[in-house]
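To start, the structure under review is shown below, and the notes come after it.
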Amino acid sequence: MASPLIRRFGAIGLVLLASLAYAKEPKIRTPFLEGWEQVSLEQMERQAKAYPEVYWIEGPGESKVVAFTFDDGPNPINTPPLLKVLKKHGVHATFFQLGMWVEKYPDLARKVLADGHVLGNHSYDHPYAGKLSNTVFWEDQVAKTQAVFQRVLGFTPTLYRPPYGEITDSQVELLRDKGIKVISWSVDTRDWLSARAMNGDAQIEGMVTQYVHPEAIVLMHDGGGPRDHTVEAVDRLIGNLKEQGYTFVTIDKLIGVAPQFAPPPAAPAPKAASAAVAAK
């Protein structure tokens with residue numbers, strides 16, 4: 001016999017109630033750090049709310065998964081040991097790469113891809129986007145890097161991470177119209193700050209341990225400076241998080257999108273010349 005709830009709302013109503021039950025407001029868990037010219041947490045959270053399905057700081061649900069992301073590579077010193085650690089644990093991550101480094105280290109970018117990781121666009125040379133016009137932002141940073149990806153790797157990403165987390169609303173709208181998702185984060189490990197600290201790996205590990213949550217997007221780096229502490233922290237964190245019941249996903253799987261744009265259709269082959277033309 002159907003329950004009173006089913007009789008009242010029907011199957012469609014139950015689906016709606018379930019979706020509402022799992023709805024959540026996107027939130028950055030790590031606190032704001034004064035004095036480092038960071039984008040305010042309020043700004044990032046406002047954009048995530050204003051542009052749902054486009055601007056992401058965490059996954060949409062409450063599954064016990066976490067997405068590790070790494071910015072600013074590929075880097076010949078930092079990226080190979082990080083890849084080794086990820087392979088050791090059977091974990092795939094998302095790498096937001098700079099066009100300038102993909103151009104300089106194409107074989108390393110190919111290696112990241114060959115290891116099963118997802119690659120995203122992180123601009124060409126890491127500018128503050130708010131200082132750029134939309135035209136310069138698109139042509140000199142995003143589209144230029146898309147072209148590098150196409151040339152070096154044979155595809156263009158659907159995922160973009162703004163350097164410093166800074167992007168204007170009109171730039172978000174521009175990327176939305178191009179079919180590109182903006183990916184920020186809910187957990188900042190501050191590995192950029194801990195890079196040269198004696199106990200930097202412990203600091204990074206502590207940030208994740210304290211602030212991790214279901215469907216977290218975790219910010220780390222494999223470029224932009226020494227990242228040995230990041231590699232060490234990742235090695236320990238993966239095992240610790242697995243013990244807590246977490247599994248690891250790439251951003252495309254977290255938010256349910258394709259990681260690459262479909263290739264354009266091939267141009268039709270030219271028709272064979274007629275016998276009459278060929279005889280001339």
Side-chain angles (χ1 to χ4, degrees), residues 24-51 55-72 82 91 93-96 120 122 126 128-130 159-167 172 181-227 229-251 254-255:
K24 63 179 181 181
E25 287 196 355
K27 181 176 177 59
I28 298 172
R29 304 315 200 271
T30 44
F32 184 76
L33 192 61
E34 297 286 351
W36 289 91
E37 298 183 352
Q38 290 186 300
V39 177
S40 72
L41 306 188
E42 292 79 10
Q43 167 76 355
M44 297 170 74
E45 291 173 351
R46 181 194 63 77
Q47 289 181 309
K49 295 171 187 175
Y51 299 100
Y55 187 108
W56 297 86
I57 57 180
E58 62 179 313
E62 294 292 345
S63 300
K64 205 162 187 184
V65 298
V66 60
F68 276 6
T69 66
F70 300 94
D71 289 7
D72 298 349
L82 178 59
V91 165
T94 306
F95 288 76
F96 289 96
H122 191 40
H126 213 277
Y128 284 96
L159 308 174
Y160 176 80
R161 170 164 283 165
Y164 313 104
E166 184 198 50
I167 188 168
V172 173
K181 307 300 183 183
V182 179
I183 311 299
S184 289
W185 55 83
S186 60
V187 177
D188 180 359
T189 63
R190 299 180 185 169
D191 64 340
W192 47 271
L193 182 61
S194 304
R196 292 179 173 83
M198 288 292 293
N199 63 337
D201 52 315
Q203 292 178 13
I204 296 164
E205 186 178 5
M207 290 296 288
V208 177
T209 301
Q210 181 175 359
Y211 294 106
V212 71
H213 61 92
E215 303 203 4
I217 298 177
V218 179
L219 170 66
M220 289 180 277
H221 299 79
D222 65 325
R227 301 300 175 201
H229 286 318
T230 299
V231 175
E232 293 172 20
V234 168
D235 195 10
R236 294 197 298 269
L237 278 166
I238 291 174
N240 293 341
L241 291 174
K242 284 182 176 180
E243 288 180 358
Q244 296 177 40
Y246 281 96
T247 57
F248 293 82
V249 295
T250 50
I251 292 294
L254 181 68
I255 67 174

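Quick caveat: nothing in here was measured; it's all calculated off a predicted structure. Atom set for the values below is all heavy atoms of this structure, side chains included, hydrogens, waters and symmetry mates excluded.
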Q: For the pair T94 (side chain) and T250 (backbone), establish whether a donor and an acceptor sit closer than 3.5 Å, ignoring hydrogens and angles.
A: no

**Q.** N/O donor-acceptor pair under 3.5 Å between Q38 side chain and Y164 backbone
**A.** no

Q: Check for a donor-acceptor pair, side chain of S194 on one end and backbone N or O of A197 on the other, with a separation under 3.5 Å.
A: no

Q: Might you confirm whether atom NZ of K27 has over 12 heavy atoms from other residues, nucleotides or ligands at distances under 6.0 Å?
A: no

Q) Side chain of D71, backbone of H221: donor and acceptor closer than 3.5 Å? A) no

Q. Hey, does the side chain of E166 reach the backbone of G130 with a donor-acceptor pair shorter than 3.5 angstrom?
A. yes

Q | Ring center gap for F95 and H122 short of 6.0 angstrom | A | no

Q. Are W56 and W185 close enough that their ring centers fall under 6.0 Å?
A. no

Q. Judged by modelled atom types alone, do S184 and R161 share a side-chain donor-acceptor pair under 3.5 Å?
A. no

Q. Strictly by modelled atom types, are N199 and Q203 linked by a side-chain donor-acceptor pair under 3.5 Å?
A. yes

Q. So, F248 versus F68, ring centres under 6.0 angstrom or not?
A. yes

Q: Determine yes or no for a side-chain-to-main-chain donor-acceptor pair under 3.5 angstrom, with Q47 supplying the side chain and I167 the backbone.
A: yes

Q. Under the salt bridge (Lys or Arg N to Asp or Glu O under 4.0 Å) criterion, do R29 and D188 qualify, and how do the steps go?
A. CA-CA 8 Å; R29 304 315 200 271; D188 180 359; over 6 Å; no

